[in-house]
Amino acid sequence: MQLIDGKLTSQAIKQEIAAEVQQMAAQGQKKPHLAAILVGNDGGSETYVAAKIKACEEVGFNSSLIRFDASVTEAELLDAVKKLNEDADVDGFIVQLPLPKHISEEKVTEAIDPRKDVDGFHPQNLGRMITGAPAFVSATPQGIMELLKRYQIDTKGKHVVVIGRSNIVGRPMSILLSLKGTPGDATVTVCHSRTANLKELCLQADIIVAALGIPEFLKADMVKDGAVVIDVGTTRVASTETKSGWRLKGDVDFAGVSPKCSYITPVPGGVGPMTIVSLLMNTLKAAKKEIY
Ligand code: L34
């Protein structure tokens, strides 16, 4: 079993980005600028957005954090999105999800200028991605593709089972892996809460991407010997052993599953850090006008 180290890989990519930012500065170009909108104070969102801002500093990007109370109205939020769309200094921005119930995530996402949509959540970017056209690809699936590429994991003709069909992970992941390319060219099965024979399907998988958000869902008896397992889950579960009172759990029962795997990502230190570095990669692409 080999561990896929997302932390180490993300550090290597950050160094590559930092070198490019220095080169841009040497040529008199401005630093890439990422802005993030954070609504409310969900613990996970606070952590992830803070990590994104810190990562910007590490690579030499400018960043802005725009905070709103959970009571912000949809109209106020849409107005903030409009301002960022029009702010020539901002290359890309994100609205951290989830949003409070009274705000439509769909409306807010669709209000973002696709050229600044470094999360790749806008239907225009999703549509482009599906056809294989240049697009901002959402950070988590892109981060997983980058891990598969850097660890030279063969996906061609392999059977991938993706568990979860969310717009931000499962669905784009399934499409990326079925597109032509390396990584890609895989035969993909998308499973979800209504899938009848999930265990049988997982047992046929060469590669499993677990992205359903249920801690330790994937057990050893669902995984064939030598499989590659990618764990996308990051659920905070109560714990008496940590100072914070919680610990992070993936969607994979790591202790049981890992001995059967050829490769596996840990939680933390697997997909999470790659999500953050993918956002930096997209922001660099936006600053360099590589997509649009
Ligand atoms: N708009 N909303 C928007 N864009 C995103 O890309 C996200 N996501 C998901 C939630 N909402 C979003 C994130 O940023 C999930 N996510 C995310 C980002 C980073 C990490 C996990 C999820 C991460 O860095 N995880 C660390 C542990 C961090 C901790 O200690 O809690 C890890 O090693 O897995």
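As the structure lists them, so they are numbered: ligands from 1, and atoms in each ligand from 1. Sequence positions, counted from 1, serve as the residue numbers for this chain. Only this structure's heavy atoms are used, side chains among them; waters, hydrogens and symmetry mates stay out.
- Hydrophobic clustering of Ile, Leu, Val, Met, Phe, Trp and Tyr side chains at less than 4.5 Å, counting indirect connections, keeps Leu248 apart from Met274.
- The two residues Lys219 and Val257 make their nearest non-hydrogen contact at C-CG2, 3.5 Å.
- Residue Met173 is grouped with residue Val190 when hydrophobic side chains (ILVMFWY) are merged at heavy-atom distances under 4.5 angstrom, including chains of intermediate members.
- Here Phe121 contributes atom CZ and Leu97 contributes atom CG; the two are 5.5 Å apart, rounded to the nearest 0.5 Å.
- By the criterion of side-chain heavy atoms lying less than 4.5 angstrom apart, applied directly or through intervening Ile, Leu, Val, Met, Phe, Trp or Tyr residues, Val108 is not grouped with Leu34; the two fall into different hydrophobic clusters.
- The protein atom (non-hydrogen) at minimum distance from atom 16 (N) of ligand 1 is Tyr48 CD1, 3.8 Å.
- Residue contact check: Ile276 has heavy atoms under 4.0 Å from atoms 19 (C), 24 (O) of ligand 1.
- Every heavy atom of Ala51 sits 4.0 Å or more from the atoms of ligand 1.
- At the shortest separation from atom 5 (C) of ligand 1 among protein heavy atoms lies Lys52 NZ, 3.4 Å.
- Listed by number with element, the atoms of ligand 1 under 4.0 Å from a non-hydrogen atom of Pro268 are 32 (C), 33 (O), 34 (O).
- By the 6.0 Å contact criterion, NZ on Lys224 is enclosed, its count of non-hydrogen atoms from other residues, nucleotides or ligands being greater than 12.
- Of all protein heavy atoms, the one lying nearest to atom 3 (C) of ligand 1 is Asp119 OD2, 3.4 Å.
- Between Tyr263 and Tyr151, the ring-plane angle classifies as perpendicular under the 30° and 60° cut-offs.
- Nearest non-hydrogen protein atom to atom 12 (C) of ligand 1 is Gln96 NE2, 3.1 Å.
- Here the heavy atom of the protein found nearest to atom 23 (C) of ligand 1 is Gly272 CA, 3.5 Å.
- Residue contacts with ligand 1, taken as heavy atom pairs separated by less than 4.0 Å, involve Leu248 solely via side-chain atoms from C-beta onward.
- Contact atoms of ligand 1 toward Gly269: 32 (C), 33 (O), 34 (O) (distance under 4.0 Å to a heavy atom of the residue).
- Trp246 and Val267 fall within the same hydrophobic cluster, defined by Ile, Leu, Val, Met, Phe, Trp and Tyr side-chain heavy atoms under 4.5 Å apart, directly or through other members.
- Counting heavy atoms under 4.0 Å from ligand 1, residue Leu97 touches it through both backbone and side chain.
- Residue Val95 places at least one N or O, backbone or side chain, under 3.5 Å from an N or O of ligand 1.
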